[in-house]
Amino acid sequence: MTSYFEQSLEHHYQNYLFTHKMYAHSLDLQASLFSAAKEEIDTLVKKFKVTGYPLAELTYYSQIYKNKIDRFYFAHVSPAMCCFFYYLNIKMENTYDSRNTCYETRIYRNCLL
């Protein structure tokens with residue numbers, strides 16, 4: 001039997017998945033939705049904490065659903081970002097430094113592996 005809080009988070013997650021598909025054309029909207037969804041979970045935790053729900057349950061389920069949102073977002077945005085960094089690397093081919101350890105280069109290298 002699931003708790004009301006878990007059902008609320010599952011409903012929130014399903015709304016996130018639906019809205020993410022609607023925003024598929026824009027990485028900016030997807031990023032905005034991603035941060036808003038995680039903030040909404042924090043807001044739900046605060047509201048349920050005031051009503052007297054156990055903090056352990058709130059923390060446990062909120063972390064599960066934040067991780068679900070993280071995994072979904074980065075699994076779908078990551079391929080697009082790899083294409084961007086690949087394009088960026090082609091454009092900057094003449095100025096590429098093999099000692100470059102910036103975050104973007106590490107992502108690009110990981111995508112090629």
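Remember, it's a predicted structure, so these values are computed and weren't measured experimentally.
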Give a yes or no on whether the backbone of Asn15 and the side-chain of Thr19 come within a donor-acceptor separation of less than 3.5 Å. yes
Short side-chain donor-acceptor distance under 3.5 Å, Tyr16 and Glu40: no
If Ile, Leu, Val, Met, Phe, Trp and Tyr residues are connected whenever their side-chain heavy atoms lie under 4.5 Å apart, and connections chain through other members, are Phe5 and Val50 in the same group? no
Aromatic ring centroids of Phe72 and His20 under 6.0 Å? yes
With distance as the sole test, does Thr59 use its side chain to make a donor-acceptor pair with the main-chain N or O of Ala56 at under 3.5 Å? no
Would you give the length of the straight line joining atom OG of Ser62 to atom NZ of Lys49, rounded to the nearest 0.5 angstrom? 9.5 Å
Do you reckon Ile41 sits in the same ILVMFWY cluster as Leu55, going by side-chain contacts under 4.5 Å, direct or chained? no
Thinking salt bridges, do Lys68 and Glu10 make one under a 4.0 Å N-O criterion? yes
Indicate, with yes or no, if the rings of Tyr60 and Tyr65 have centres closer together than 6.0 Å. no
So Asp42 and Lys66, do their side chains get closer than 4.5 Å, heavy atoms only? yes
So, using side chain to side chain donor-acceptor pair (under 3.5 Å) as the criterion, who are the partners of Lys47 when residues are at least two apart? none
Atom pair NE2 (His12) and NZ (Lys38), whose distance is rounded to the nearest 0.5 Å: 10.5 Å
Heavy-atom side-chain contact between Asn67 and Asp70 under 4.5 Å: yes
What distance do Met22 atom CE and Leu17 atom CG have between them, rounded to the nearest 0.5 Å? 13.0 Å
Taking atom NE2 as the centre, does His25 end up with more than 12 heavy-atom neighbours from other residues, nucleotides or ligands that are less than 6.0 angstrom away? yes
Contact summary for Ala37 and Ile69, nearest pair of heavy atoms: CB-CD1, 4.0 Å
Starting at CD of Glu57, measure out to OH of Tyr61 and round the result to the nearest 0.5 Å. 6.0 Å
Distance in Å, Phe48 CZ paired with Leu58 CG, rounded so as to fall on 0.5 Å steps: 8.0 Å
Main-chain N/O of Tyr23 paired with Ser26 side-chain donor or acceptor, under 3.5 Å: no
